[in-house]
Amino acid sequence: MAKSTWYLTTPIYYPSDRLHIGHAYTTVAADALARYHRLIGQSVWFVTGSDEHGQKIQRRAEEKGVSAQDFVDDIVGQIKDPLWKRLAISYDDFIRTTQTRHHRVVQAFFHTLQERGDIYKGVYEGWYCLPCETFWTQTKVGSGNCPDCGRPVERVRQQSYFFRLSAYQDRMRQYILDHPEFIQPPTRRNEMLAFLDEGLEDLSISRTGLNWGIPVPGDPEHVIYVWFDALLNYLTAVGYASDPEKFHATWPPDLQLVGKEIVRFHAIIWPIMLMAHGLALPRQVFGHGWLLIGDTKMSKSRGNAVDPLDLIDRYGVDAVRYYLLREVPFGADGSYTEDALVLRTNVDLANDLGNLLHRTVAMIGRFLQGSVALPPTAHPDRVLVREARRVAAAVGRKMDEHNLSEALVEVGQLVRAANRQIEVTQPWNLAKAGRTDALHTVLFDLAETLRVISVFLTPFLVEAPARLRAQLGLHTPVADWGETTFGSGPGRYSVHPGLPLFPRIERDTAPSAEAPTETESVSLEVFEQLKLAVATIVAAEPVAGADRLLKILVDDGERTRTVVSGIRAHYAPETLIGKQVVLVKNLRPQKIRGIVSEGMLLAASQGNALTLVAPEAAIAAGARVQ
Ligand code: MSP
């Protein structure tokens with residue numbers, strides 16, 4: 001039977017403590033990819049789980065005075081529900097390494113490699129990092145700390161079984177060279193090639209004096225090293241040695257998502273284990289970056305972990321999922337801050353998307369009695385048809401490259417294009433002027449664009465797409481990615497205005513800007529803290545009840561943002577559209593007359609005169625000013 005299933009895995013997490021948003025990050029990313037692959041019609045097998053053996057877990061259980069099994073049962077229970085349940089992780093199997101099905105696989109696999117001569121018994125003398133459950137040689141630990149996490153390592157000397165990694169070094173290197181897509185992104189691939197160049201030593205794969213693990217077949221004094229055990233979960237979860245039909249339909253994994261610190265295990269040790277056994281290698285190991293707090297990795301042991309459940313309680317599951325997948329370019333490290341989560345939600349979801357839906361539904365209600373269809377003589381200028389088609393192709397491409405953040409950037413561009421269309425076509429004036437065909441065309445295109453957006457968002461968000469669709473009068477869930485085609489929706493939309501899709505998050509605790517101190521000169525570093533960029537004005541309107549203020553929407557090259565500016569006495573709003581200006585991008589957002597202003601436009605003033613600062617010649621929005 002040929003492989004017919006798209007097989008996706010996350011790392012299996014240590015249930016040594018409650019998981020944090022770093023763990024949720026990998027799992028939510030995998031979930032979005034699983035949902036996308038289902039929508040493009042593939043049969044998907046998406047596996048996550050828990051890595052329950054090893055010395056660290058045993059010690060944690062001892063500290064708590066409970067049995068290791070009770071200890072892991074409790075934490076694993078909470079990982080499944082409420083954590084993955086509330087994050088709506090659509091896994092097909094949750095594997096626990098303490099399950100009998102897994103014990104059988106590990107022992108059978110160990111036995112096969114032993115028979116083939118790739119596992120032998122010897123003496124291990126070296127260092128062990130307990131938090132990472134990793135063996136290290138003297139040269140690697142240098143001053144006595146783990147090269148990965150920097151914590152002290154323990155001296156170990158004992159009889160051990162070894163896996164003949166060194167014998168496969170050249171084959172592994174050649175495999176990576178022959179399969180450029182095997183390790184992604186390319187930086188991780190280069191790191192692994194450099195690691196191989198240092199030479200591989202045989203790997204100690206058993207421990208004595210520890211009973212929380214899977215015994216070596218025929219030598220129960222030894223338990224199998226937790227990483228050797230854990231990596232094999234990917235075989236257990238698809239019926240290796242128990243369900244040949246399932247196994248052949250699913251093996252090998254199409255994508256293994258892991259954090260960058262464990263790429264080495266997944267892109268060197270694991271494939272060599274498979275080579276030694278004669279099994280096909282995963283098609284891709286993708287090592288994403290870390291969520292950082294300041295400059296350091298978020299982790300429970302550093303005491304800087306953020307609880308995803310707490311964030312869901314306060315901001316909702318979609319805001320959390322959106323933030324995780326949109327904020328950080330997938331693959332790179334990124335800093336987590338709650339301010340950024342709030343800003344992302346307010347700007348992209350509440351302001352850009354929420355307002356688009358609200359305005360579209362309200363206008364269809366007000367001008368067309370709640371129902372719109374494309375007139376036989378459609379208005380010729382249908383910008384959104386073109387833009388939606390462009391974005392559909394781009395999003396598909398980004399999703400196929402697993403580039404989730406950029407896929408969402410593309411979706412954001414369509415949202416902004418639709419908002420811009422409202423400003424440009426001014427449906428209220430079309431209604432006033434009785435230009436019925438144009439009005440119907442514009443409003444139909446907006447509704448159809450929103451429907452397309454609901455399809456794009458379906459892999460990412462779990463509540464908003466259905467709520468958005470309900471306001472458009474669509475009561476079926478998205479079933480197929482083909483629905484992203486503009487024009488494939490219903491011929492008529494009968495709208496039902498509803499609650500705001502994403503209510504704006506109000507935080508009274510937002511820190512206010514600190515007053516700058518007067519100094520005669522500032523260093524270049526201080527100046528460089530200001531992020532100045534060229535932006536293009538896309539809309540402007542007076543702020544009700546404020547004589548001096550205009551609410552201005554600018555395109556900053558990445559997205560549309562709102563800036564409240566005190567230039568009303570100097571500029572009529574309509575004369576500003578299309579002007580290029582200089583935007584202070586990283587000014588702390590501030591609420592002015594109920595509007596969150598996300599930046600400042602530079603202006604020169606003297607006495608009563610004021611003029612906006614503009615680039616001397618046209619340049620792309622987003623160009624840095626320095
Ligand atoms: N049990 C091993 C994996 C075995 S896989 C055969 C393990 N577990 S872990 O609980 O420590 O989880 C590690 C994974 O969680 C990382 O590889 C990454 O996917 C995710 N993350 C944990 N902290 C993270 C961040 N701060 N940022 C991003 N992802 C992080 O290692």
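We count ligands from 1, going down the list as the structure has it; atoms in each ligand are counted the same way.
The shell of residues lying under 4.0 angstrom from ligand 1, judged by heavy atoms, excludes W270. Using 4.0 Å as the threshold, K260 has no heavy atom nearer than that to any atom of ligand 1.
Comment: D307 engages R18 in a salt bridge, judged by a side-chain N to carboxylate O separation of less than 4.0 angstrom. Using a cut-off of 4.0 Å between Lys/Arg side-chain N and Asp/Glu carboxylate O, E125 and R155 are scored as salt-bridged. By the 4.0 Å N-to-carboxylate-O rule, D333 lies too far from K297 to be salt-bridged with it. A salt bridge is defined here as a Lys NZ or Arg NE, NH1 or NH2 lying under 4.0 Å from an Asp or Glu carboxylate O, and R321 with D31 meets this definition.
Scanning all protein heavy atoms for the shortest distance to atom 22 (C) of ligand 1 gives H23 CD2, 3.6 Å. Atom 27 (N) of ligand 1 has as its closest protein heavy atom L291 N, 2.8 Å. Summary of contacts: the protein heavy atom closest to atom 10 (O) of ligand 1 is Y14 N, 3.0 Å. Atom 24 (C) of ligand 1 has as its closest protein heavy atom G22 CA, 3.5 Å. Ranking protein heavy atoms by distance to atom 16 (C) of ligand 1, first place goes to E261 OE2, 3.0 Å. Among all protein heavy atoms, the one lying closest to atom 1 (N) of ligand 1 is D51 OD2, 2.7 Å. Atom 23 (N) of ligand 1 has its closest protein heavy atom at H20 CE1, 3.3 Å. Shortest contact from atom 20 (C) of ligand 1 to any protein heavy atom: T26 OG1, 3.4 Å.
The shortest N/O to N/O separation between I12 and ligand 1 falls below 3.5 Å. Distances between N or O atoms of L231 and those of ligand 1 include no value under 3.5 Å.
Every atom of ligand 1 is numbered from 1 in the order shown, and the set under 4.0 Å from a heavy atom of H288 is 19 (O), 28 (C), 29 (N). Applying the 4.0 Å criterion to heavy atoms of A230 picks out, from ligand 1, the atoms 6 (C). Here is the list of ligand 1 atoms found below 4.0 Å of a heavy atom in H266: 5 (S), 6 (C). Near G259, meaning under 4.0 Å from one of its heavy atoms, ligand 1 places the atoms 16 (C), 17 (O), 18 (C), 19 (O). Taking a cut-off of under 4.0 Å to the non-hydrogen atoms of G289, the atoms of ligand 1 that pass are 28 (C).
One distance of note links CZ of R344 with CG of L325; it measures 11.5 Å at 0.5 Å rounding.
Scored by the salt bridge (charged side-chain N to carboxylate O under 4.0 Å, His left out) test, R283 finds D254 as partners (sequence neighbours excluded).
Taking the six-membered ring where the residue is Trp, Y124 and F135 present perpendicular rings, their angle passing 60° and hence far from 30°. Note: Y240 and F247 have perpendicular aromatic rings, judged against thresholds of 30 and 60 degrees for the angle between ring planes. By the 30° and 60° cut-offs, the orientation of the rings of H20 relative to H23 is tilted. Between F330 and F286, the ring planes are parallel. Angles under 30° get that label, and only those over 60° would be called perpendicular.
Scanning Q256, E52, M298 for the heavy atom closest to atom 26 (N) of ligand 1 points to M298.
Only the side chain of Y234 comes within 4.0 Å of ligand 1, counting heavy atoms alone; its backbone N, CA, C and O stay farther away.
Geometrically, K140 does not engage W127 in a cation-pi contact, judged by NZ or CZ lying under 6.0 Å from the ring centre and within 45° of the ring axis. For the pair K246 and W251, the cation does not sit on the ring face, since its NZ or CZ is not both under 6.0 Å from the ring centre and inside 45° of the axis.
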